[in-house]
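Everything numeric in this text was worked out from a predicted model, so none of it was measured.
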Amino acid sequence: MTEAGEYREKQADDAATSAVGRASEALEYVERARGHLYSMHQLIGRADLLFEEAADLFREAGEEEAADRLQRDVVGRNVLDGRWTFQVVDEFDDLYHGVVTEAVRSLEREYHDGERHVYEARMKEQRRTHGRSGHEHRPAAAHDPSLETDPAER
């Protein structure tokens, strides 16, 4: 291949790596959003239990009307139309999270032989000070070859 052809191929490879890196970054945001959904699921679930405890305490205090109102109007209430939070999380996982995760993993398989974070690995190599403590390529005790992100060091 000519020098110009090699240059164009490297540019295409760099551009594809940047694109896969951007998709991977997007997936990281999706993962964070998913974590927030799970937090909401747990927080609302705990709140529901506390509302029930409050209703019980009102009942013990002889405040039947307040207890009944909490029990009837709040405890067990849907957070979205017809849905509790577990259903929101499940629907998110099934309709969105699984699809976008597979899309990014597919790009990683197609462009990087299934390796993840190739863009970041290249950035690390550019930014680290070779031979300097605290700037190692990988942990000295990393015996699992799948931890290696630099094909030159395999």
Side-chain angles (χ1 to χ4, degrees), residues 1-55 70-154:
M1 184 177 292
T2 67
E3 204 172 300
E6 289 173 4
Y7 177 74
R8 279 193 298 279
E9 187 176 303
K10 176 156 178 24
Q11 279 188 314
D13 179 56
D14 288 347
T17 294
S18 293
V20 173
R22 188 59 54 95
S24 178
E25 181 182 7
L27 178 58
E28 290 171 6
Y29 277 93
V30 170
E31 293 294 352
R32 288 178 60 195
R34 184 173 184 251
H36 289 296
L37 277 178
Y38 273 88
S39 291
M40 181 191 79
H41 166 58
Q42 292 176 334
L43 291 168
I44 295 296
R46 179 69 178 138
D48 190 64
L49 293 172
L50 292 171
F51 281 127
E52 186 173 42
E53 288 178 20
L70 272 178
Q71 191 69 45
R72 178 187 63 241
D73 297 338
V74 177
V75 174
R77 186 175 184 85
N78 291 327
V79 296
L80 294 175
D81 190 19
R83 291 180 188 87
W84 271 20
T85 57
F86 77 90
Q87 293 166 306
V88 174
V89 169
D90 288 351
E91 190 171 328
F92 176 82
D93 280 352
D94 293 345
L95 295 180
Y96 190 78
H97 181 263
V99 172
V100 299
T101 300
E102 178 49 34
V104 172
R105 296 298 175 248
S106 175
L107 292 169
E108 291 167 342
R109 286 190 299 273
E110 183 176 348
Y111 291 95
H112 298 135
D113 295 326
E115 292 184 43
R116 297 181 189 180
H117 296 104
V118 171
Y119 180 84
E120 291 87 342
R122 289 181 180 179
M123 183 187 303
K124 178 179 181 178
E125 282 306 300
Q126 293 169 352
R127 297 176 60 86
R128 74 185 184 99
T129 303
H130 293 257
R132 181 100 171 130
S133 178
H135 290 254
E136 294 80 12
H137 177 70
R138 68 179 190 154
H143 299 290
D144 183 349
S146 70
L147 294 177
E148 189 58 64
T149 56
D150 183 359
E153 293 196 26
R154 285 189 182 165

Please table the atom pairs, donor to acceptor, closer than 3.5 Å between any side-chain atom in residues 23-33 and protein atoms at least two apart or in another chain.
| from | atom 1 | to | atom 2 | distance (Å) |
| --- | --- | --- | --- | --- |
| E28 | OE2 | H117 | NE2 | 3.1 |
| E31 | OE1 | H97 | NE2 | 3.2 |
| E31 | OE2 | H97 | NE2 | 2.9 |

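Distance NE2/H36 to CG/L43: 11.5 Å, rounded to 0.5 Å. We find the CZ-CG distance between F86 and L37 to be 14.5 Å, quoted to the nearest 0.5 Å. Here N78 contributes atom CG and T85 contributes atom OG1; the two are 10.0 Å apart, rounded to the nearest 0.5 Å. The CZ atom of R116 lies 10.0 Å from the CZ atom of R109; values are rounded to the nearest 0.5 Å.
Residues Y119 and S18 approach most closely at CE1-OG, 3.8 Å, considering heavy atoms. For the residue pair A16 and Y111, the shortest heavy atom distance occurs at CB-CD2, 3.8 Å. Pairing each heavy atom of W84 with each of G76, the nearest pair is NE1-O, 2.9 Å.
Screening residues 73-82 for salt bridge (Lys or Arg N to Asp or Glu O under 4.0 Å) gives no qualifying pairs among residues at least two apart or on separate chains.
Ring geometry for F92 against Y96 counts as tilted: the plane angle lies between 30° and 60°, on a 0 to 90° scale.
At a threshold of 4.0 Å, the pair R105-E108 counts as salt-bridged, since one of the basic side-chain nitrogens sits closer than that to a carboxylate oxygen. Using a cutoff of 4.0 Å between basic side-chain nitrogens and carboxylate oxygens, E120 and R127 are not scored as salt-bridged. Using a cutoff of 4.0 Å between basic side-chain nitrogens and carboxylate oxygens, R128 and E136 are not scored as salt-bridged. Salt bridge status for D13 with R122: present, with a side-chain N to carboxylate O gap under 4.0 Å.
Remark: R22 CZ is loosely packed, at most 12 non-hydrogen atoms of other residues, nucleotides or ligands lying under 6.0 Å away. For Y38, the OH atom counts as densely surrounded, since its 6.0 Å shell holds more than 12 non-hydrogen atoms of other residues, nucleotides or ligands.
Legend: residues meeting side chain to side chain contact (heavy atoms under 4.5 Å, CB included) with Q71, ordered by chain and number and at least two apart, are E52, A55, V75.
E91 is listed as a side-chain neighbour of R83, based on a closest heavy-atom distance under 4.5 Å. Looking only at side-chain heavy atoms (C-beta outward), E125 and H130 come within less than 4.5 Å of each other.
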